[in-house]
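In what follows, a structure is listed as structure tokens, so that the remarks can point back to it.
One is the number of the first residue; the rest follow in order along the sequence.
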Amino acid sequence: MEQPNPAEDAEIPAANGGIDASRDGGSSHAGYQRTQYEDLAAEPEGDSAAGLWALFLGLGLLMIGNGLNGAVIGVRSGSEGFSVVVTGVIMAGYFAGFLIAPSLVVKMIASVGHIRVFAGLASLASSAVLIHALSVLPVTWTAMRFVFGFCFAGLYIVIESWLAELSTPANRGRTLAVYMIVSMAGLGIGQYLIAVADPNGFRLFIVSSVLVSLALVPVTLAAAAKVPPSRPIEKVSIRELIGYVPTGVVGSFMSGASAGVLLGLAALYATRSGLSVHRTAAFLIAPTIGAIVLQWPVGRLSDRVSRRNVIFGVVIAAAALSVIASTVRPDSALMLLIMFGIGGTMFPLYSLVVSYTLDWTPVEKTVGAAGTLVRINGSGALVGPLVAASLMSWFGDDAFFFTMSAAFSVIFAFVAYRIAFKEALPSERQTKFVPFPARASNMAIRLVVLPVKATKTVGRSVVSRRHEHHDPN
């Protein structure tokens with residue numbers, strides 16, 4: 001088998017710039033079980049626990065600043081007279097930067113270490129926010145959104161690699177759950193902050209910049225924690241992943257497209273609909289609340305019945321809610337309830353797709369498969385706002401909802417076909433649901449995969465429920 005290039009495919013290089021794979025014990029699954037599962041019941045030590053919460057605090061500040069910056073740009077683009085298409089391009093710049101960053105950031109970490117990379121990217125992201133206030137031009141904003149997305153991808157890589165290293169096999173599932181809550185809650189709080197000042201001024205840009213800069217404090221203070229080693233990831237191509245589980249590929253791209261539309265254009269839609277700043281803030285935060293509230297009920301249901309059937313039901317609900325939203329007054333209380341439902345189906349859908357893909361992927365391919373899903377989802381998030389903005393320009397603002405409904409409908413049609421012609425995996429052979437955060441980087445994969453592999457414990461031994469056959473579904 002061709003060996004991956006450590007500079008490009010290592011999960012994370014050591015902070016001193018070296019590549020240390022000695023802890024990995026080779027890339028075989030058997031070696032992984034010997035080294036990782038022996039201490040399944042271990043709990044993090046005091047320093048590790050403190051480091052975890054410091055990283056969560058830094059992540060929360062980053063996400064608040066991120067949510068505020070995106071919301072302000074969406075609202076401000078409308079008031080500045082930018083066309084819908086231009087605004088779509090501006091917002092897509094973030095996702096383009098997010099896609100390009102991972103391989104470059106890993107090389108940067110190999111050269112100068114975690115803390116310097118984090119400090120540099122946080123400073124650059126903070127500066128990019130301020131440039132929005134200094135130069136209110138579409139080309140400048142597109143470039144700065146690209147820089148901002150690039151920086152945030154790198155910041156997530158540093159934080160997620162540390163979370164994976166500081167957590168233990170016994171608490172990785174809880175760590176991932178907290179990570180998801182902090183990410184979504186921070187994003188929602190940031191979006192709601194547009195109500196505290198006039199979005200057409202410069203103050204909210206300053207607040208966003210300050211929040212991103214403050215994230216440096218807890219993360220750099222946690223720098224005494226052990227540095228994540230390098231662990232090569234075996235690549236899984238899109239064609240290979242289609243062979244394992246085509247539903248995962250289609251579901252990941254389309255769920256990314258719908259999320260890109262919602263996160264990129266919701267503020268613009270609210271502004272063009274004539275909503276006040278406070279009503280716009282409520283419109284933006286409602287989907288986030290829905291995601292936090294409904295993530296685990298949906299996930300627990302998918303652990304008990306066929307996960308494919310749960311995906312089918314979720315996309316039906318998401319598509320229907322998106323269509324209904326186009327018929328409801330934007331300033332009504334019903335619209336907020338519908339947005340709650342859209343977020344409560346859209347974001348768990350991505351987690352369902354990740355879990356479903358891991359159900360069917362061979363054990364030795366799970367990390368690579370999850371990384372491929374992240375890239376596919378990010379590609380969908382890049383395409384979604386571009387398509388939706390064009391349709392909104394041609395057919396009116398309701399195309400915002402119809403584009404999301406169309407993305408959900410593609411998943412619906414594909415899953416319906418699979419249900420009709422392919423046998424489902426028995427629910428007792430499914431892996432545990434993974435609450436995978438939207439826009440997480442490849443470095444969150446270890447937090448995803450480890451709890452999935454270790455599903456049952458008997459004394460000090462592990463019994464995995466993962467199936468052995470590879471019939472794609």
Side-chain angles (χ1 to χ4, degrees), residues 63 66-68 70-75 78 84 87-88 91 180-181 183-195 199 254-298 313-351 381 384-385 388-389 391-392 396-409 411 437-439:
M63 293 306 298
N66 187 2
L68 176 59
V72 173
I73 291 173
V75 172
V84 179
T87 302
M91 303 309 289
M180 197 285 292
I181 292 174
S183 298
M184 297 305 299
L187 182 66
I189 292 171
Q191 292 172 327
Y192 197 79
L193 285 180
I194 62 169
M254 289 301 169
S255 64
S258 60
V261 173
L262 180 67
L263 296 175
L265 299 178
L268 176 66
Y269 171 84
T271 301
R272 288 172 61 89
S273 299
L275 298 185
S276 66
V277 174
H278 290 278
R279 179 63 71 169
T280 297
F283 181 85
L284 296 178
I285 199 174
T288 304
I289 297 174
I292 296 174
V293 171
L294 297 182
Q295 181 90 246
W296 277 275
V298 172
V314 165
V315 294
I316 290 176
L321 287 169
S322 298
V323 172
I324 293 172
S326 65
T327 66
V328 176
R329 286 181 52 189
D331 60 349
S332 66
L334 179 59
M335 176 62 84
L336 296 181
L337 182 60
I338 292 174
M339 292 302 293
F340 173 93
I342 290 176
T345 51
M346 174 187 295
F347 293 109
L349 175 62
Y350 181 41
S351 298
L391 294 177
M392 289 173 68
D397 294 340
D398 286 341
F400 169 75
F401 290 112
F402 286 125
T403 305
M404 290 190 289
S405 179
F408 296 132
S409 297
I411 304 175
R439 303 279 69 77

Mind checking the CE-OG spacing from Met180 to Ser351? Nearest 0.5 Å is all I need.
7.0 Å
Could you list the donor-acceptor pairs under 3.5 angstrom formed between side-chain atoms of residues 336-349 and any protein atom two or more places apart in sequence or on another chain?
| residue | atom | partner | partner atom | Å |
| --- | --- | --- | --- | --- |
| Thr345 | OG1 | Gly341 | O | 2.9 |
| Thr345 | OG1 | Ile342 | O | 3.0 |

Nearest 0.5 angstrom please: Arg272 CZ to Asp397 CG, how far?
4.0 Å
Where Val328 and Met335 come nearest, the two heavy atoms and their spacing
O-CE, 3.5 Å
Mind telling me whether Phe283 and Phe400 have parallel, tilted or perpendicular rings, with 30° and 60° as the class edges?
tilted
Heavy-atom pair of closest approach, residues Ala281 and Ala195
CB-CB, 4.0 Å
With a 4.5 Å heavy-atom cut-off, do Thr280 and Ile194 have their side chains touching?
yes
Using the test side chain to side chain donor-acceptor pair (under 3.5 Å), find all partners of Ser258 that sit at least two apart in sequence or belong to another chain.
none
Starting at CD1 of Ile289, measure out to OH of Tyr192 and round the result to the nearest 0.5 Å.
9.0 Å
Any chance you could measure Gln191, atom CD, to Ile285, atom CD1, to the nearest 0.5 Å?
7.5 Å
Which heavy-atom pair separates Leu265 from Pro385 by the least distance, and what is that distance?
CD1-O, 3.8 Å
Would the distance check show the side chain of Ser405 and the main-chain N or O of Phe401 forming a donor-acceptor pair, the cut-off being under 3.5 Å?
no
Non-neighbouring partners of Asp398 that pass side chain to side chain donor-acceptor pair (under 3.5 Å), sequence neighbours left out
none
Report the C-alpha distance between Asp331 and Arg279 in whole Å, list the side-chain angles of each, state the deciding distance to 0.1 Å, and finish with yes or no for salt bridge (charged side-chain N to carboxylate O under 4.0 Å, His left out).
CA-CA 7 Å; Asp331 60 349; Arg279 179 63 71 169; over 6 Å; no
Once rounded to the nearest 0.5 Å, what's the spacing between atom CZ of Phe402 and atom OG of Ser326?
3.5 Å
Search all heavy atoms of Thr288 against all heavy atoms of Leu284 and return the closest pair with its distance.
OG1-O, 4.0 Å
Calculate, to the nearest 0.5 Å, the distance between atoms CG and CE belonging to Leu268 and Met392 respectively.
5.0 Å
When every non-hydrogen atom of Val315 is compared with those of Ile411, the smallest separation belongs to CG1-CG2, 3.6 Å
